[in-house]
Amino acid sequence: MSNPRVWKYAGSFVVIVLMLVLAAGSSDNGASTSGGGGSGSGSASAPTKIEAWVMTQQFVEDSLKSPGSAEYGGLFSDYQDPEQIVTSLGDGTFRVRAWVDAQNSFGAKIRTHFVCELKYVGNDRWQLISLDFLN
């Protein structure tokens with residue numbers, strides 16, 4: 001706990017590690033995620049709830065006044081489980097109901113709930129359908 005910045009990014013680090021583990025585990029199915037040479041819609045595998053959660057965080061931070069102050073909870077407190085907060089709507093579309101703690105224009109950190117809908121469009125690209133802040 002000597003450096004609070006380390007703890008701030010610990011949750012993101014864990015999500016990235018989980019994504020890498022899942023990607024390594026799914027490489028046995030013969031599908032390639034490298035984007036080369038295949039004939040298809042550009043995606044070798046279906047997007048996951050974890051990927052949708054990570055992209056949602058990026059879309060949310062793009063809308064904040066102080067994106068560097070954004071916190072989404074951590075492993076040891078206020079953890080937001082992608083399996084519970086992300087709903088697959090089919091066809092690569094997801095709905096995320098979650099919250100972010102971030103500084104407002106006065107510098108006060110506040111919790112804001114949001115609903116985000118996004119769609120995986122292939123080749124590691126996502127499209128924001130809607131982002132509604134509820135507070």
Side-chain angles (χ1 to χ4, degrees):
M1 284 204 174
S2 62
N3 188 349
R5 291 185 79 129
V6 171
W7 290 107
K8 176 181 177 184
Y9 298 107
S12 297
F13 175 75
V14 169
V15 169
I16 291 170
V17 170
L18 285 173
M19 286 176 45
L20 291 173
V21 168
L22 289 172
S26 66
S27 66
D28 295 336
N29 66 5
S32 170
T33 59
S34 64
S39 65
S41 63
S43 174
S45 63
T48 66
K49 288 183 175 184
I50 292 174
E51 292 169 322
W53 174 227
V54 170
M55 284 309 306
T56 294
Q57 291 177 25
Q58 184 62 53
F59 287 132
V60 167
E61 289 173 21
D62 288 345
S63 299
L64 295 175
K65 296 206 183 276
S66 180
S69 70
E71 295 179 355
Y72 301 92
L75 287 177
F76 303 110
S77 66
D78 291 337
Y79 177 67
Q80 298 187 84
D81 184 1
E83 288 298 320
Q84 295 179 356
I85 63 171
V86 179
T87 303
S88 175
L89 303 176
D91 195 30
T93 303
F94 295 86
R95 179 179 296 127
V96 180
R97 295 178 187 270
W99 53 262
V100 60
D101 289 337
Q103 290 179 348
N104 63 13
S105 56
F106 299 106
K109 189 162 270 197
I110 59 169
R111 178 163 292 180
T112 305
H113 293 264
F114 60 86
V115 177
C116 179
E117 287 193 15
L118 65 164
K119 179 179 177 80
Y120 182 71
V121 295
N123 296 325
D124 295 329
R125 292 188 356 242
W126 291 78
Q127 174 186 12
L128 177 63
I129 297 170
S130 66
L131 176 58
D132 297 314
F133 291 96
L134 304 176
N135 291 1

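Note that the structure is a prediction, hence the values are computed from the model and not measured. Below, each value reflects all heavy atoms present in this structure, side chains not excepted, and no hydrogens, waters or symmetry copies.
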Between Gly92 and Pro47, which heavy-atom pair has the shortest distance, and what is it?
-> CA-CG, 4.2 Å
Atom pair CD (Glu71) and CD (Gln57), whose distance is rounded to the nearest 0.5 Å | 11.5 Å
Same cluster for Trp99 and Ile85 if Ile/Leu/Val/Met/Phe/Trp/Tyr side chains link at under 4.5 Å?
-> no
Within the distance-only criterion (no hydrogens, no angle test), does the side chain of Lys119 pair as donor or acceptor with the backbone N or O of Asp91 below 3.5 angstrom?
-> yes
For Glu83, does its backbone N or O pair with a side-chain atom of Asp81 as donor and acceptor, under 3.5 Å?
-> yes
Quick one: CG on Asp132 to CZ on Arg97, what's the gap to the nearest 0.5 Å?
-> 10.0 Å
CZ (Arg125) and OH (Tyr120) are apart, to the nearest 0.5 Å, by 9.0 Å
Before giving the answer on side-chain contact (heavy atoms from CB on, under 4.5 Å), spell out for Arg95 and Val115 the whole-Å C-alpha distance, their side-chain angles and the decisive distance to 0.1 Å.
-> CA-CA 7 Å; Arg95 179 179 296 127; Val115 177; 3.9 Å; yes
Would you say Phe94 and Tyr72 are hydrophobically clustered, going by side-chain heavy atoms of ILVMFWY under 4.5 Å?
-> yes
Same hydrophobic cluster for Phe59 and Phe133, using side-chain heavy-atom links shorter than 4.5 Å among ILVMFWY?
-> yes
Can you check whether Glu117 reaches Leu89 side chain to side chain, under 4.5 Å on heavy atoms?
-> yes
Considering only heavy atoms from C-beta outward, does the side chain of Leu118 approach that of Gln58 to under 4.5 Å?
-> no
Would you say the side chains of Gln84 and Tyr79 form a donor-acceptor pair under 3.5 Å?
-> no
Please assess Thr56 against Trp126 for the test side-chain contact (heavy atoms from CB on, under 4.5 Å), listing each intermediate value before the final yes or no.
-> CA-CA 9 Å; Thr56 294; Trp126 291 78; over 6 Å; no
Any side-chain heavy atom of Gln80 sitting closer than 4.5 Å to one from Trp53?
-> yes
On a heavy-atom basis, the closest approach of Ser66 and Gln103 is OG-OE1, 3.7 Å
When rounded to the nearest 0.5 Å, the distance separating OG of Ser130 from CZ of Phe114 is 11.5 Å
Lys65 versus Ser105, closest heavy-atom pair with distance = CD-CB, 3.6 Å
Atom CG in Asp62, atom CG in Leu131: separation rounded to 0.5 Å?
-> 9.5 Å
